[in-house]
Amino acid sequence: MGLDIRCCSGEHTIADFVYSISILIVCQSLESMFPSIYSPKDIEREISEFWDSHQIYRKVKERGKEKFFFVDGPPYTTGRIHLGTAWNKVIKDTILRYKRMCGFKVADTPGWDMHGLPIEVKVEQELGFKTKRDIESYGIDRFVAKCMEYALKNKDMMTEQFKALGVWMDWENPYMTIKAEYIDSAWWCIKRAYEQGLLERKLRVVNWCPRCETALADAEVEYKDKTDPSIYVKFPIKGQEDTFIVIWTTTPWTLPANMAVAVHPSLEYAKFKALRDGKIEYLILAKELADDVLRKGGYELWEIVETYLGEDLVGLEYEHPLADEVPIQKNWRHAVYIADFVTAENTGCVHIAPGHGLEDYELGVQVGLEVFNPVDDRGVYTEKAGKYAGMHVFEANKVIIEDLRQKGLLLAEETITHRYGHCWRCKTPIIYRATEQWFLAVSKLKDKMLEEIDKVRWVPEWAGASRFKDWVSNAKDWCISRQRYWGIPIPVWICEKCGKWKVVGSIKEVPWENDLDLHRPKIDEVTFECECGGTMRRVKDVFDVWFDSGVASWGTLKFPFKMSEEEFRKIWPADFITEGHDQTRGWFYSQLGASVIAFGQAPYKTVLMHGFTLDEQGRKMSKSLGNVVEPEEVVEKIGVDGFRLYVLSSALWEDLRFSWEDARNVLRMLNIYWNAVRFAYTYMSLDKYRELPLDEVELSVEDRWILSRLESFNKLAVEAMENYHLHKVVRAFFDFVVEDFSRWYIQLIRPKVWEEKDSPAKLATYTVILRIVEKTAKIIAPFAPFLAEWIYQHFIKEFKHAEESIFFESYPKPDESLIDEELERAMDIVREIFEAASNARQKAKRKLRWPLRKMIVESKDEDVKKAVEMLEEIIKSQCNVKEVEVVREFEKDVAVKPNYKALGPKLKGRIKDFAKFVDSLGKDEIAEILTKGEIEFDGMKFSVDEALIVEYKIPEGYEYAEFSRGMVYVYTVLDEELKREAFAREVVRRIQEMRKELDLNVEEFIESVVDIDPKLVEGWEDYIKHETRSVKLEFGKPREGYIKEWDIEGMKVAIGIKRLES
RNA sequence: GGGCCCGUGGCUCAGCCUGGUUAGAGCGUGCGCCUGAUAAGCGCAAGGUCCGGGGUUCAAAUCCCCGCGGGCCCA
């Protein structure tokens, strides 16, 4: 745009010339001061160097006052960071930068989760190991050293990746779960558990990974589809010929350990007489399920012989189906018991193996069954399993099925695909095994934990109130022991002689020399002497790695090793943590559990739960799908700031579907911001502007408007930040910058920047722009730190006194006195009117370059009237019309016709007279009828709707378009005067184009020859000369210089321009 | 089977908590405009059963219930 402007007639003055020269000089240095193209890479490099060389991070850290205790959820040190990890840290960094700008002294210690099975598995793979025996023969000490090396190497690599994302954390001093002081924090917590009787060692059925040969916590079990046998087995009833109770199982390998059958007390069971292959059998199972099962079993006929409730079956004894193969089974009595967990599914009779099932175990304890577990750590049957000894359980399935078939006890065999637990790291299907393990008795703390959840602020609210509570209510005791090597050693020593425990609560109680040698196997050498004279040896287990991170909220503070309780209490609990929704059962939980044990309260005050990163189709990113997007790839294309803004632009708690298109769009918007700031920079630096107080300049209406918008944006940003709604800030930022600042304000003020140097209007504009740039940069600084800092260094510092870094500044507070809602509304209306006018012009094929005589806004809304009055000049210039008028009702030609269809049947023959009457009505009469809504004819009254068809016709020469509160009518007829102006502009436009094609500098003068009738642009010659920097303008055939033939509105026009040698 | 979240134009999402004229953006598409931010920028248009069905209400994308589809977590 930039329409009706600078048509100041007159010759080029000396001042003009000087101005041109200075533009030239500015243009040359401009590119180095403020490049024309936004290049994230260059900016990031420059700013990184600046931050490093000026030690900005350290200085910012020192400035904080009031504490803000943030705890970093420690990423696990395997491999490189992925999109999700990057997103996570960017969220954290943005919040921390914001809090620092709010004056807080922020705890920004990053954490590293460095122990555990995942690393062991990776190292095993590197070394080509398959079993624990490989590790033991290699040497635990060497294996642990490898794990440490692996973890440290990855930590360093990931640190560099995080730094590259502009994440300001204390990378020199992270907390690491492998460090002595951290292990101290964990041991201290276990001691606290022990003192409260919450540390238990018990025989329990646990999730067991036969490959890793260790117990797994519920949180370490991953459910996915697995195909298993699904078999129906007949257990022979003792003392009753050909009578069986029928059970169903998907784990035939647990049958050698069967100890009982469970039925539901109130479910109906029946004994069926069934015929198969000419043989009669009696089968007991749930009545309602029998038909289905018997059909599967291939029975030809069956009938009910007897029915009973489950409770009636109690005590019914049966023979173990594999008693011959597993002789030890002959020592025990097998019978039917009742259990509430039995459901009316399959046969209604549940095979119970207390050594291999959670509920089985509980039932076993209750009724006094043997907990028989003939399976070793590797998932291989022991000698106790008789015939099956030495066989892996999963391989045993088919052997057992075959044995049952041979014995005639297999009723039916199918396969089933169901969700089955797998080891979270090595993906091996887990088994359930009864083993001795160490537990934290979380079940005793559940109520307290639920109570604490309520005291925490959850963002979004349902993260805690619904999702987390659900998990915690279902939580069982936490199995914290692992039969592995790379982990925090469990600090329990047991006397070999009397069995007494010693729980060590501090690393000071054991001898150690450097902070890393508390690991196995060294710690295993430490012994204590028991009161009884016996030797106390450490249990061999290490902690579940989730327990490591569970103590992070004090581990990060090095409490209690290096911090006093008094000091600790001033800081703890954490003000803020944030992680992905997978951490509901992970870190949110492990921390809550550990903390309730240690302190009886939640370790965090606010928890922000964020989503997962998915690919463009909404699938999880995974290597096997080949859809992984690396953060570096994105950064390469759109820069760190672009990346950060992109991942922060949608609601954090929802999954982020990565989209290249959207990511690139962020870059495009940043580019608009860049260009807008650069535009301002060009003229402000040319004019050597220095900051003026806002109240010393004469603000125009558009200045007041943009200031109001700016403060409204500021207000929204602060509110959103306080609610952790980061995406709202990003959206509002782009909205303000693109819509209000670039697309509208800059267009409006463009003419002003050409005014003479000390023009008050221009100074006001500069003052406003400086404020806009400063505030927007500060508001977005936590999100896009590089760009914000760059603008601060290159723009803000140029025009006002500033700090060393933008991060020394405080986050801007809105000045609500500058918010003028009425003006904002008025401008909204004006922008709508402008859009409608553009629309109408397009319909009438009147391009914006062509001035139009007048425009009428029709609306009954007082606000519209006020808006147009208030902002008339803006409408006129933007819409390129000479005159604008608001009316309540635009005078349209109204034509009315009789509604024959409706009135015909009523008036019958007199309808013709009515038609005549209607025809005879004058303009005023029609108007009156329409206002009244009634028409009187021959003593009868009809409503207008019924009697008339009303047609409106807008007057000749007008084109219209709708907006939300009315209509805009544009008078599109061009009179001679307008045509001359329009034509002049067409000519100017062509000459400018030619200047560009010749690559002329903006200040260079030319001579122009235009082959048109001079009358076409009469009165506009000087305008053309001025606009095109033509010293001479002639009409006629061009003969020299650059000549080009144009088509202007269907007319062939030759134009020639010649560069003037200076 | 249970818990939570999501389901709005071709695509990505606002709006829903606190019900109220015509459901908004951006991208993409088509047409055009602008030209001293210019290897940029801008406008207009087409395009929607707001997942489906019930209910509450004068009024439902919005609140309630029942389904369907997707995701995560659990059993």
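Quick note on labels: first sequence line is chain A, next is B, and so on, each numbered from 1. Hydrogens, waters and symmetry mates are skipped; everything else that's a heavy atom, side chains included, is used.
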Exercise. Checking all strands, does Ala676(A) fall into the base, sugar-phosphate, or nothing category for heavy-atom contacts under 4.0 angstrom?
Worked result: base
Exercise. Can you tell me if Tyr432(A) and Thr251(A) form a side-chain donor-acceptor pair at under 3.5 Å?
Worked result: no
Exercise. If pairing requires Watson-Crick or G-U wobble contacts with both distances under 3.5 Å, which nucleotide is the partner of rG43(B)?
Worked result: rC31(B)
Exercise. Of the candidate nucleotides rG26(B), rA37(B), rA40(B), which contains the atom at the shortest distance from the side chain of Asn671(A)?
Worked result: rA40(B)
Seminar exercise, completed: Separation of rC17(B) atom P from Asn723(A) atom CG, nearest Å, is 17 Å
For this session: Would you mind reading off the distance between Leu667(A) atom CG and rG26(B) atom P, rounded to a whole angstrom?
Result: 18 Å
Problem set entry | Arg750(A) side-chain N/O to rC34(B) phosphate OP1/OP2 under 4.0 Å | no
Exercise. Which one is paired to rC17(B), where only Watson-Crick or G-U wobble pairs with both distances under 3.5 angstrom count?
Worked result: none
Problem set entry | Gap in Å between the two P atoms, one belonging to rU21(B) and one to rC16(B), rounded | 14 Å
Exercise. Starting at CZ of Arg985(A) and ending at P of rG36(B), how long is that distance when rounded to a whole Å?
Worked result: 11 Å
Problem set entry | Ring-face cation of Arg678(A) near Tyr38(A) (centre distance under 6.0 Å, axis angle within 45°) | no
Exercise. Does the ring centre of Tyr646(A) sit less than 6.0 Å away from the ring centre of Phe658(A)?
Worked result: yes
For this session: Measure centre to centre between the rings of His82(A) and Trp87(A), then say whether the value is under 6.0 Å.
Result: no
For this session: Using Watson-Crick or G-U wobble geometry with both distances below 3.5 Å, tell me the partner of rG26(B), or none.
Result: rC11(B)
Exercise. Using atom P of each nucleotide, how far apart are rG67(B) and rG28(B) to the nearest Å?
Worked result: 42 Å
Problem set entry | Earlier contact from the 5' end, RNA chain B, for Lys476(A) and Val738(A) | Val738(A)
For this session: Please check if any side-chain donor atom of His351(A) sits under 3.5 Å from a side-chain acceptor atom of Thr254(A), or the reverse.
Result: yes
Exercise. Once you round it to whole Å, what is the distance between C1' of rG41(B) and OH of Tyr673(A)?
Worked result: 18 Å
For this session: Check whether any side-chain nitrogen or oxygen of Arg743(A) sits under 4.0 Å from OP1 or OP2 of rC42(B), and answer yes or no.
Result: yes
Exercise. Does the side chain of Tyr766(A) come under 3.5 Å of the side chain of Asp687(A) through a donor N or O and an acceptor N or O?
Worked result: yes
Between protein and nucleic acid, restricted to nucleotides 13-16 of chain B and to nitrogen or oxygen atoms under 3.5 Å apart, what atom pairs and distances do you find?
| residue | atom | partner | partner atom | Å |
| --- | --- | --- | --- | --- |
| rC13(B) | O2' | Arg731(A) | NH2 | 2.8 |
| rA14(B) | OP1 | Glu654(A) | OE1 | 3.4 |

Exercise. When the P atoms of rC27(B) and rG69(B) are considered, how many whole Å apart are they?
Worked result: 35 Å
For this session: Using only heavy-atom distances, decide whether a donor-acceptor pair under 3.5 angstrom links the side-chain of Ser742(A) to the base of rA37(B).
Result: yes
For this session: Counting Watson-Crick and G-U wobble pairs only, both distances under 3.5 Å, name the nucleotide matched with rC4(B), or none.
Result: rG71(B)
Exercise. Charged N to carboxylate O under 4.0 angstrom, Glu702(A) versus Lys752(A)?
Worked result: yes
Seminar exercise, completed: Here the distance between atom P of rG41(B) and atom CD1 of Ile37(A), to the nearest Å, is 11 Å
Problem set entry | Glu359(A) vs Ile746(A), nearer the 5' end of RNA chain B by closest nucleotide | Ile746(A)
For this session: Taking atom C1' in both rA61(B) and rC51(B), compute the distance separating them and give it to the nearest angstrom.
Result: 12 Å
Exercise. Considering only side-chain heavy atoms of Arg668(A), which listed nucleotide, rG28(B), rU35(B), rA37(B), is closest?
Worked result: rG28(B)
Exercise. Taking the same atom, C1', in rG15(B) and in rU62(B), what whole-Å distance lies between them?
Worked result: 9 Å
Exercise. Picking from rC42(B), rA40(B), rC27(B), which would you name as closest to the side chain of Asn665(A)?
Worked result: rC27(B)
Problem set entry | Span that lies between the C1' atom of rG30(B) and that of rC72(B), in whole angstrom | 41 Å
Exercise. Nearest-Å distance, CH2 (Trp653(A)) to P (rC17(B))?
Worked result: 15 Å
Exercise. Watson-Crick or G-U wobble partner for rC50(B), using a 3.5 Å limit on both distances?
Worked result: none
Problem set entry | Whole-Å C1' distance, rU8(B) and rG43(B) | 26 Å
Problem set entry | Centroid-centroid under 6.0 Å between Trp674(A) and Trp790(A) rings | yes
For this session: Write down the distance between CZ (Phe588(A)) and P (rG3(B)), rounded to a whole number of angstrom.
Result: 22 Å
Exercise. When rounded to the nearest Å, what value does the distance between P atoms of rC68(B) and rC31(B) take?
Worked result: 46 Å
For this session: Answer with yes or no whether the side chains of Ser685(A) and Glu798(A) bring together a donor and an acceptor at under 3.5 Å.
Result: no
Exercise. Aromatic rings Phe713(A) and Phe736(A): how do their planes relate, parallel, tilted or perpendicular, breaks at 30° and 60°?
Worked result: parallel
Exercise. Can you tell me the Watson-Crick or wobble partner of rA37(B), both distances under 3.5 angstrom?
Worked result: none
For this session: Measure the distance from CD1 on Ile749(A) to P on rA37(B) and round it to the nearest whole Å.
Result: 10 Å
